[in-house]
Amino acid sequence: MTHAPHSSSAAPILRVRGVRKHFTLHLRDGRDLPVLHGVDLDAAPGECVALVGASGKGKSTLIKCLYGNYGVDAGSILLRTDGTARGEIDIAQATPQQVIGLRQRAIAYVSQFLRAVPRVPAIDVVAERLLQANPVTADLGQAGAWEAAQDAAREEVAALFERLNLPRALWQLPPATFSGGEQQRVNIARGFILPSDLLLLDEPTASLDAANRRVVMQLIQEAKARGTAVIGIFHDEEVRDAVATRCVTLPSAANELETTR
Ligand SMILES: Nc1ncnc2c1ncn2[C@@H]1O[C@H](COP(=O)(O)OP(=O)(O)OP(=O)(O)O)[C@@H](O)[C@H]1O
Ligand SMILES: [Mg+2]
């Protein structure tokens with residue numbers, strides 16, 4: 001299934017060219033497992049590109065490369081950071097400090113599994129993202145400045161938790177013991193609480209019931225309407241059909257050989 005691009009006139013904010021990646025399997029005598037075989041991919045503001053392909057083809061691996069979690073063997077991952085080609089940064093070559101900077105505002109990622117700092121309440125797991133992106137500018141010594149910023153951030157998170165039907169009784173608890181769907185909603189809240197230029201979604205609705213799936217579909221549509229470029233993996237075809245503006249299949253090793261012959 002291929003849809004027409006949503007905003008074909010907009011210049012891509014992300015340009016991925018020739019990305020290759022393999023893993024070395026140390027537990028199997030150091031054998032190489034080639035996973036990404038020359039990926040080219042563009043994403044423009046306001047569009048949602050769905051990555052499709054069989055299990056194990058490298059969809060999650062590509063998302064992690066785009067987020068700067070994994071280095072690549074070859075290729076470039078160019079992200080426009082100030083609306084011009086001059087402000088382009090190659091995530092494949094970025095320093096860890098640059099990657100951290102990009103993650104504060106420009107790139108958001110909803111992974112399939114929540115990895116949160118232990119003992120931090122769910123509401124603060126999400127509020128922290130707001131506070132990091134908007135550092136308190138008032139003198140921290142000024143009475144109550146930090147607390148006021150924290151209260152404002154928590155209020156914003158509470159509104160999103162309400163929307164995601166996360167039971168109020170859980171907000172002050174650390175998410176470690178939450179159910180799969182509850183953890184996923186905390187994860188989704190972290191990904192959506194701030195507008196970002198690029199939003200990476202790895203099966204964001206996998207453990208959700210129908211009502212919450214609908215909320216997430218709405219959140220994705222709102223992000224697109226704000227001009228976010230979304231790249232996602234959606235095994236649920238109903239979700240994919242509702243949100244994706246086009247689908248991209250990752251090239252396999254055989255395809256690559258065909259094109260280079
Ligand atoms: N950290 C890693 N170390 C070694 N091999 C890995 C690693 N991560 C992924 N792989 C392997 O790379 C291949 C691609 O994995 P990936 O998780 O990207 O697939 P996927 O397309 O997302 O699959 P699914 O649809 O099942 O989620 C798989 O064969 C997997 O076993
Ligand atoms: Mg995957």
Side-chain angles (χ1 to χ4, degrees), residues 1-3 14 16-43 48-77 79 91-92 94 96 99 103 107-116 179-181 183-188 190-192 198-208 212-213 216-217 219-220 223 229-259:
M1 179 197 62
T2 305
H3 298 279
L14 179 78
V16 178
R17 292 293 178 271
V19 163
R20 292 161 181 272
K21 163 103 194 135
H22 81 283
F23 290 110
T24 303
L25 305 177
H26 297 287
L27 295 178
R28 296 186 61 194
D29 303 325
R31 269 180 47 187
D32 280 349
L33 176 69
V35 176
L36 301 176
H37 310 275
V39 176
D40 294 338
L41 178 73
D42 282 356
C48 174
V49 180
L51 301 179
V52 294
S55 176
K57 283 268 286 189
K59 303 179 298 295
S60 296
T61 301
L62 176 60
I63 293 264
K64 287 175 191 165
C65 291
L66 303 184
Y67 194 54
N69 269 9
Y70 289 157
V72 303
D73 302 334
S76 54
I77 301 169
L79 182 73
I91 296 168
V99 170
R103 290 176 183 182
I107 311 180
Y109 170 44
V110 177
S111 62
Q112 204 177 340
F113 305 103
L114 178 71
R115 263 177 240 101
S179 74
Q183 290 199 6
Q184 195 163 32
R185 278 174 281 161
V186 176
N187 224 3
I188 287 163
R190 242 185 100 88
F192 283 87
L198 177 65
L199 176 60
L200 305 169
L201 305 172
D202 194 343
E203 302 197 35
T205 57
S207 345
L208 301 187
N212 284 312
R213 259 201 317 269
V216 174
M217 288 192 267
L219 288 170
I220 295 171
V230 183
I231 298 185
I233 304 166
F234 310 100
H235 275 174
D236 184 326
E237 282 185 21
E238 186 200 333
V239 176
R240 193 195 304 156
D241 286 348
V243 301
T245 41
R246 67 197 164 90
C247 295
V248 167
T249 308
L250 296 187
S252 62
N255 285 346
E256 189 195 9
L257 286 177
E258 273 164 29
T259 54

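Order of appearance sets the numbers: ligands from 1, and atoms from 1 within every ligand.
- Numbered from 1 in the order shown, with element, the atoms of ligand 1 that lie under 4.0 Å from a heavy atom of H235 read 25 (O).
- Taking 4.0 Å as the cut-off, T24 does not count as a neighbour of ligand 1 on heavy-atom distance.
- For Q112 (side chain) and Q184 (main-chain N/O), no donor-acceptor pair under 3.5 Å exists by modelled atom type.
- Of the protein's non-hydrogen atoms, G56 O, 3.6 Å is the one closest to atom 13 (C) of ligand 1.
- If you check the side chains of S60 and D202, you find a donor sitting under 3.5 Å from an acceptor.
- Judged by the shortest distance from any of its heavy atoms, Q112 lies outside the 4.0 Å radius around the atoms of ligand 1.
- Relative orientation of the Y109 and Y67 rings is tilted, given thresholds of 30° and 60° on the angle between their planes.
- Considering all non-hydrogen atoms of both residues, M217 and A242 come closest at SD-CB, 3.6 Å.
- Between P34, S55, C65, G53, it is S55 that holds the heavy atom closest to atom 24 (P) of ligand 1.
- Under 2.8 Å from the Mg ion (ligand 2) lies no N/O/S atom of Q112, from backbone or side chain alike.
- Separation of atoms CD1 (I188) and CD1 (I220) is listed at 8.0 Å; rounding is to 0.5 Å.
- In this structure, I107 and L79 have side chains that are in contact, with non-hydrogen atoms separated by less than 4.5 Å.
- Contacts of V35 with ligand 1, taken as heavy-atom pairs under 4.0 Å, involve the side chain alone.
- Ranking the protein heavy atoms by distance from atom 25 (O) of ligand 1 puts K59 NZ, 2.7 Å first.
- For atom 16 (P) of ligand 1, the closest non-hydrogen atom of the protein is T61 OG1, 3.6 Å.
- Using a 4.5 Å heavy-atom threshold, the side chains of F234 and L201 count as touching.
- Using a distance-only test at 3.5 Å, with no hydrogens or angles considered, a donor-acceptor pair links the side chain of D236 to the main chain of E238.
- The closest non-hydrogen atom to atom 11 (C) of ligand 1, taken over L33, L62, D202, comes from L33.
- Counting only heavy atoms of the protein, atom 3 (N) of ligand 1 lies nearest to F23 CD2, 3.6 Å.
- Counting protein heavy atoms only, atom 17 (O) of ligand 1 is closest to S60 CB, 3.7 Å.
- From the protein, the heavy atom lying nearest to atom 1 (N) of ligand 1 is Y70 OH, 3.3 Å.
- A donor-acceptor pair is defined here as one N or O able to donate and one able to accept, closer than 3.5 Å; such a pair exists between the side chain of K21 and the backbone of G71.
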